[in-house]
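What you see is a predicted model, and the numbers here were worked out from it, not measured in a lab.
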Amino acid sequence: MSWLVFGDYLSHDTLHVSLHGLDANLQAKLFGQHVAARVILKAVTGFMNNENPRKPLVLSLHGWTGTGKNFVSELIAENIYRKGMSSGFVHLFAATAHFPHEMHLELYKTQLQQWIKGNVTNCPRSMFIFDEMDKMHPGLIDSIKPYLDYYDNLEGVSYRQAIFIFLSNAGGENIVQVALDFWLAGRDREEIELKHLETALSLSVFNNKNSGFWHTSLIDKNLVDFFVPFLPLEHKHVVQCGMAEMAAKGRTPDLEVVDLMARDMNFFPKEERVFARQGCKVISSRLDFYID
């Protein structure tokens with residue numbers, strides 16, 4: 001089944017799931033992330049086609065800034081909820097904005113638990129996105145562990161149809177090293193598979209004292225379904241992002257302009273200039289400088 005329509009949970013909003021749409025969007029709009037695209041499509045498709053999952057879907061997206069983690073979260077939301085990220089069923093938390101003070105950690109835990117319980121009660125198919133996990137206070141995420149576990153219900157509320165997505169820069173260095181090792185060995189980027197990254201990634205995140213995942217029971221108890229790696233982008237991927245951004249701005253995509261912009265960006269290793277340090281996130285503002 002590739003097209004599912006769920007009834008209204010709230011009168012002003014509707015779940016409208018297009019898994020074909022998600023597949024098409026990942027293929028056409030996500031550049032340079034063959035591993036992430038494959039894992040996310042399989043994970044979301046399997047979960048949404050299961051009317052009675054044993055636990056919520058928990059995805060942890062890792063990689064350097066600008067590689068597509070936030071963008072993928074938006075694509076998932078757009079292909080599950082009619083209003084996408086504006087849906088009343090999608091809830092985005094940013095560590096620095098919503099949980100800024102360590103002294104209020106216990107209050108944050110209580111508020112977070114109440115928020116999740118209340119929203120899942122209203123809509124079992126709710127989605128919760130936690131950005132900047134590498135900046136989140138260790139232990140905060142453990143406060144919602146019961147909602148991610150294999151329970152039929154907690155106090156009369158079932159969380160098994162909810163989706164939790166964690167976004168983090170943590171583990172990015174490990175991902176970059178794998179990509180660099182493949183390049184140095186003369187191996188094709190597309191040869192990189194999840195198995196080359198997942199174990200090292202989960203361990204590096206678990207043992208990172210600056211990460212919201214530090215020694216968390218979510219990892220210890222295997223409650224994260226997939227650690228999804230986002231590879232560093234190459235010049236050609238930056239160009240693809242630039243062409244797509246020009247089209248989004250209502251301009252005719254100009255390869256010469258986009259290529260010039262891409263060449264002026266920072267790449268590493270310094271001499272070979274293989275991987276972009278900033279990815280696609282800065283392209284929207286940078287393009288304005290190059291467009292007449």
Side-chain angles (χ1 to χ4, degrees), residues 2-26 29-30 33 36-37 39-51 53 55-63 67-99 108 111-133 135-136 140-141 143-144 147-148 157-168 212 218 223-226 228 230 248 281:
S2 59
W3 184 273
L4 303 173
V5 180
F6 296 86
D8 287 335
Y9 288 105
L10 302 175
S11 60
H12 65 281
D13 205 349
T14 306
L15 283 163
H16 201 83
V17 183
S18 172
L19 299 175
H20 276 318
L22 178 60
D23 187 10
N25 285 168
L26 290 171
K29 298 180 179 180
L30 182 65
Q33 303 298 351
V39 173
I40 287 167
L41 181 63
K42 287 186 175 182
V44 174
T45 298
F47 183 74
M48 296 305 296
N49 280 334
N50 186 350
E51 295 182 3
K55 64 180 290 296
L57 177 62
V58 183
L59 301 175
S60 189
L61 281 48
H62 297 264
T67 52
K69 302 184 301 296
N70 292 82
F71 183 58
V72 160
S73 301
E74 294 173 9
L75 292 181
I76 294 173
E78 288 171 4
N79 286 284
I80 292 180
Y81 306 92
R82 188 179 298 279
K83 295 184 179 180
M85 291 296 292
S86 298
S87 169
F89 306 151
V90 179
H91 312 282
L92 174 63
F93 300 93
T96 53
H98 293 98
F99 316 111
Y108 296 152
Q111 291 176 333
L112 187 55
Q113 290 170 338
Q114 292 175 344
W115 181 259
I116 291 175
K117 180 179 180 180
N119 282 285
V120 173
T121 299
N122 288 334
C123 174
R125 287 281 187 185
S126 292
M127 178 186 292
F128 302 92
I129 303 169
F130 292 83
D131 196 5
E132 304 176 322
M133 280 293 294
K135 299 176 183 177
M136 194 168 290
L140 178 58
I141 287 300
S143 69
I144 64 171
Y147 307 142
L148 311 184
V157 180
S158 174
Y159 298 86
R160 294 185 298 169
Q161 291 184 311
I163 297 176
F164 292 82
I165 301 177
F166 303 117
L167 313 179
S168 177
L218 264 66
L223 297 182
V224 177
D225 297 297
F226 292 98
V228 185
F230 282 70
K281 185 165 284 189

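For the pair Phe166/Val58, a side-chain contact is recorded, criterion being any heavy-atom separation below 4.5 Å from C-beta on. Arg125 has its side chain within reach of Met48: a pair of non-hydrogen atoms, C-beta onward, lies under 4.5 Å apart. With contacts defined as side-chain heavy-atom distances shorter than 4.5 Å, the pair Phe128/Ile144 does not qualify. Side-chain atoms of Val120 and Val157, non-hydrogen and from C-beta on, do get closer than 4.5 Å to each other.
Note on ring orientation: taking the six-membered ring where Trp is involved, the planes of Trp115 and His91 are perpendicular (angle over 60°, cut-offs 30° and 60°). Taking the six-membered ring where tryptophan is involved, the planes of Phe93 and His98 are perpendicular, since the angle between them exceeds 60° and thus also 30°.
Checked by atom type and distance alone, the side chain of Gln33 never pairs as donor or acceptor with a backbone atom of Gly68 at under 3.5 Å. The main-chain N or O of Lys117 is found under 3.5 Å from a side-chain atom of Thr121 such that the two form a donor-acceptor pair. With Gln161 contributing its side chain and Pro124 its backbone, the two residues share no donor-acceptor pair below 3.5 Å. Side-chain atoms of Ser126 come within 3.5 Å of backbone atoms of Asn119 as a donor-acceptor pair (strictly under, hydrogens ignored). Not one N or O on the side chain of Lys69 forms a donor-acceptor pair closer than 3.5 Å with the backbone of Phe230. A donor-acceptor contact shorter than 3.5 Å is absent between the side chain of Thr45 and the backbone of Lys42.
Ala37 approaches Leu26 most closely through the heavy-atom pair O-CD1, 3.7 Å. The two residues Val72 and Leu30 have their closest heavy-atom pair at CG2-CD2, 3.7 Å. Contact detail for Tyr147 and Tyr159: the closest heavy-atom pair is O-CB, 3.4 Å. Residues Asp225 and Pro56 approach most closely at OD2-O, 3.4 Å, considering heavy atoms. Here the shortest heavy-atom pairing between Gly21 and Asn79 reads C-OD1, 3.2 Å. The shortest heavy-atom contact between Glu132 and Thr96 is OE1-OG1, 2.8 Å.
Residues passing the side chain to side chain contact (heavy atoms under 4.5 Å, CB included) test with Asn70, sequence neighbours excluded: Asp131, Leu167, Lys281.
If you take CD1 on Ile129 and CZ on Phe164, they are separated by 11.5 Å, rounding to the nearest 0.5 Å. Remark: Met85 CE to Ser73 OG distance equals 7.0 Å, nearest 0.5 Å. One distance of note links CE of Met127 with CD1 of Ile76; it measures 5.5 Å at 0.5 Å rounding. In this structure, the separation between CG on Asn25 and CZ on Phe71 is 7.0 Å, given to the nearest 0.5 Å. Taken from CD1 in Ile40 to CG in Asp23, the straight-line distance is 12.0 Å, to the nearest 0.5 Å. Distance check, rounded to the nearest 0.5 Å: CE of Met133 to CG of Leu61 gives 11.5 Å.
In Lys55, the NZ atom is crowded: over 12 heavy atoms of neighbouring residues, nucleotides or ligands sit closer than 6.0 Å.
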(request) Check the pair Phe130, Leu112 against side chain to side chain contact (heavy atoms under 4.5 Å, CB included), reporting the backbone distance first and the verdict last. (result) CA-CA 11 Å; Phe130 292 83; Leu112 187 55; 3.8 Å; yes

(message) Determine whether Met136 and Phe99 satisfy the following criterion, side chain to side chain contact (heavy atoms under 4.5 Å, CB included), listing intermediate values before the conclusion.
(response) CA-CA 7 Å; Met136 194 168 290; Phe99 316 111; 4.0 Å; yes

